[in-house]
Amino acid sequence: MTQTTTPRSTPDTTAAPSAAPAPLVLRDEVVEVTFDAHCGGITRIRDLAFGDRLRLTRDPALFVLEVPCGGDRTVVVATGEQRLSSAEPSGDGRSLVLTWDGLVTSAGERLAASLRVTARLDGRGALHLALDAAVDGLLVEAVRFPSLRGLRAEADGRLTMHKSDYSQGSVVELLPAFESNAPYWGTVFPDHASGNLRPEVVCNPTAPFVVLAAASGGLSVQPAEPTTEFIGWRASLEPGYRDSLLRSAQPLDGEPAVTFDAVQVPAVRDDGGLSVLPVVVAAHRGDWTAGLAAYRRTQRPARTSPARWLAEPRSWLQVQLRSTEGETRYDFDDLTGIVEECAAAGIGAVQVVGWNEGGQDGLVPVHRPARGLGGEEGLRRALRRAHELDVAAVLYVKYQWVERPGPHWERLARHACLDENGQTYAQPGPVYHTSRKRYGMSTPSYVPLCFSSQQLREEFAREVAEMAAWGAAGVLADESLYHGRALLCFAEDHGHRPGASAYDWDGDFVEDLRRAAAQVREDFVVVGEGCYDGQFEHYDSSYFRSASERHVPLGRVLRPGVHLMTALTGFDDRGTANQCLLHGYAMSLEPFHFKGRPSDAPGTVAYARAVDDVRRALAPWLWRGRYLGQRPVTDASGSAHRLAATAWERSEGPGGGCVVVVNVEDAPRTVHLDLQDVADPLVVRVGTGVPAGVPLAGPLEVPARGAVVVIGAADAPSVA
């Protein structure tokens, strides 16, 4: 439920004194935070140098407790309906302890419960908030903390929400138009939060922070420390749309406003207190990427893979041998031929899908070489040939689910995640190829497994070790970024507390696979799909899909040095290949949506090879170098449409930086960009044979659907 604009009944509160007490203020070197002296809610977060980037213009807010009462599950305890019992500031003016006794619900009931919030500024503009409540005997279904009401952007009035999603980023417009993703019959206001089908895309840990960005600054919200516990991010437009077709906001008190909540599902401790994660609200100056600073300070180091082939610019091929519908496109002898074709085409790795009984995504989570494709010996022969030709062969696996109905359901049902009612979560299984499947008529269910089971993880690990023994260079764990609708597992016989996060064992799962496989092959790689940021501590690489002009390279911004790989499905796929050059992604070539082979897309294969030729020649910059992010670029008319540029810095030895410029248009463009940090610039043009730098004389020309690299003349020996 979204907090209502007015209480539904008159709460039993003590009358406010006639003389308004002075507000409570915290201040550090960067920001000033003001709390209301009556209720304790936040009323202002002001940048000391630049003033308000975002204003809080509604009733003060800080927390909302959802407390079902009398059959009404929408009853809440909201900050604005409370009265502070005490406020204890520190001597340095940087911290404050607020307490409330006898909490009052929106239904007017006074509860025998108390709550305390500790607020602290850290000297860098970040407000650390911790909540502790004594609620013995009270059911608290959710806690929204912090809850920030009445957000309005200064300057141009534009407010956006930026979050992490599938190894990349996504942007949601909040003002002046609001992008709602909620069914309107289930909310009071337009609302953007977790969807019913894919709740994983907007909650921690898959989205470990949110940046609320105005024109030149804003706020970020995140857990105080990395965690796999559930935190959902939710924004609401109050009072709603002026015009629902245009999604335009209705002015309220002269301006539209947004409420933002971080949502937690708490557990009640043995002492009757709530377990709520501390959170941070950090102010930033500049564009939205400046809002990542607070999160970066909490990141743990990424894993460094021992596989030397991952440290080289290698394109991949993904190929499906058999589908879950029983369609066999290639057997293991064909796979050997495809591997040889990859080697001849300069493709250095192959992801093999549908090699198992049941085909791609069938009969999960058990993977055995399909007898109809040539059995184990046939697969071994293909893997041996891949090793001989230095084509790394990675086998596709899927361990998140057990298929129901299916041959493994009865044995593995006890490891399934359970909801609060003791029921299994489920979602449709493979929706592939046939009309009945495409319309969802004949799909089995996928039931998420709880990785808390050491026995289950060891079973998967033994299976992966066997794949290493067959000769595989690694595995790619599909859908490893989430657990479907199983955000929490309430099973009482799994050895964890009921309501534990389904993400708690994601790292253990990977490390168990790796330890078992390393007994056979030390450089065995484990790749994940769409890794969320914390998974880079464990996975060697992340495979995802990024073919969109709205692509936001957040994964690369957060983890400049990790191995990221994206799909190219076109037959002359220069656009996505150029995107890979821009952001340092490896290329996964997938003609016919990974049902084809290299000879099916000669245009894509040739251009991908040209991109990798440039990256090999400039590997100290474009493969092993430091990614410095996107740079402004325009054409002769001043337009930046369908142009993009990124800057790179050499990470080893002497040398300056370089800039990659890409043109998505079907016509050449003359571009303008800042090259003041590139002395005596040379231009390396992709796809013109052996990469060689040509002195830049006059305007910079970028060919149609092409890319160039601009680098200093002092680095010319590295280019030639």
Side-chain angles (χ1 to χ4, degrees), residues 289 311-315 546 551 553 555-564 566 574-587 607-635 640 642-664 668-720:
T289 59
E312 305 166 357
R314 290 191 182 208
S315 289
S546 60
H551 171 63
R556 175 59 72 222
V557 172
L558 289 176
R559 297 283 183 176
V562 299
H563 189 275
L564 295 168
T566 192
R574 292 173 176 244
T576 310
N578 287 332
Q579 182 194 80
C580 291
L581 182 62
L582 272 174
H583 305 304
Y585 303 153
M587 293 173 281
Y607 194 74
R609 190 166 192 168
V611 168
D612 281 342
D613 284 344
V614 170
R615 292 205 276 207
R616 273 186 287 271
L618 298 176
W621 291 267
L622 299 180
W623 197 252
R624 298 188 297 274
R626 283 185 287 269
Y627 177 82
L628 302 179
Q630 300 187 78
R631 292 294 181 264
V633 57
T634 60
D635 66 8
R642 313 199 97 185
L643 290 170
T646 55
W648 294 77
E649 182 178 73
R650 184 174 182 140
S651 62
E652 55 193 52
C658 71
V659 179
V660 179
V661 188
V662 162
N663 171 21
V664 184
R669 301 278 288 275
T670 300
V671 306
H672 300 291
L673 73 161
D674 185 358
L675 293 174
Q676 63 180 358
D677 295 330
V678 181
D680 301 323
L682 301 176
V683 180
V684 179
R685 301 188 185 279
V686 178
T688 57
V690 178
V694 176
L696 177 60
L700 178 60
E701 300 283 345
V702 185
R705 300 173 61 228
V708 301
V709 181
V710 184
I711 192 166
D715 298 308
S718 300
V719 178

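This chain uses plain numbering: 1 for the first residue, then up along the sequence. Computation of the quantities below employed the complete heavy-atom set of this structure, encompassing side-chain atoms and omitting hydrogens, waters and symmetry-equivalent molecules.
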Applying side chain to side chain contact (heavy atoms under 4.5 Å, CB included) between Leu622 and each of Asp612, Leu582, Val611, Val614, report the one that passes. Val614
Value for CZ (Arg705) from CG (Asn578), rounded to nearest 0.5 Å, stands at 8.5 Å
Tell me the closest heavy-atom pair linking Gly656 and Trp621, and the distance in Å. O-NE1, 2.6 Å
How long is the straight-line distance from CD1 of Ile711 back to CG of Leu696, given to the nearest 0.5 Å? 13.5 Å
Contact check, side chains of Val708 and Pro703, non-hydrogen atoms, under 4.5 Å: yes
Minimum heavy-atom separation for Met587 to Ala608, with atom names? CE-O, 3.4 Å
Has the side chain of Arg556 got a donor or acceptor atom that lies under 3.5 Å from a matching backbone atom of Arg559? yes
Quick one, Asn663 and Val671 - any side-chain contact, counting heavy atoms below 4.5 Å? no
Using 0.5 Å steps for rounding, measure from the CZ atom of Arg616 to the CZ atom of Arg314. 9.5 Å
Give me the atom names and distance for the closest heavy-atom approach of Cys580 to Arg615. O-NH1, 3.0 Å
Looking at every heavy atom in both Trp648 and His583, which two are closest together, and how far apart are they? CZ2-C, 3.8 Å
With no hydrogens and no angle check, is any side-chain donor or acceptor of Arg685 less than 3.5 Å from a backbone partner on Ala707? no
Residues forming a side-chain contact (heavy atoms from CB on, under 4.5 Å) with Arg631, sequence neighbours excluded: Leu628, Ala645, Ala647
I'd like to know if the side chain of Ser651 and the backbone of Arg626 have a donor-acceptor N/O pair within less than 3.5 Å. no
Mind checking ring-ring contact (aromatic ring centres under 6.0 Å, His included) for Tyr607 and listing every partner two or more places apart, or none if nothing turns up? none
Taken to the nearest 0.5 Å, the spacing of Leu700 CG from Leu675 CG works out to 7.0 Å
Counting distance only, does the side-chain N/O of Asp680 pair as donor-acceptor with the main-chain N or O of Ala714 below 3.5 Å? no
With rounding to the nearest 0.5 angstrom, report the CG to NE2 distance, Asp635 to His672. 7.5 Å
Step by step, would you call Glu701 with Thr670 a side-chain hydrogen bond (donor to acceptor under 3.5 Å, both in side chains)? CA-CA 5 Å; Glu701 300 283 345; Thr670 300; 2.8 Å; yes
I'd like to check Leu618 versus Trp623 (side-chain heavy atoms, cut-off strictly below 4.5 Å). Are they in contact? no
Check: Gln579/Ser546 side-chain N/O donor and acceptor closer than 3.5 Å: yes
Could you give the distance from CZ (Arg669) to CZ (Arg642), rounded to the nearest 0.5 Å? 9.0 Å
Closest heavy-atom pair and its distance - Val710, Pro681: CG1-CB, 3.6 Å
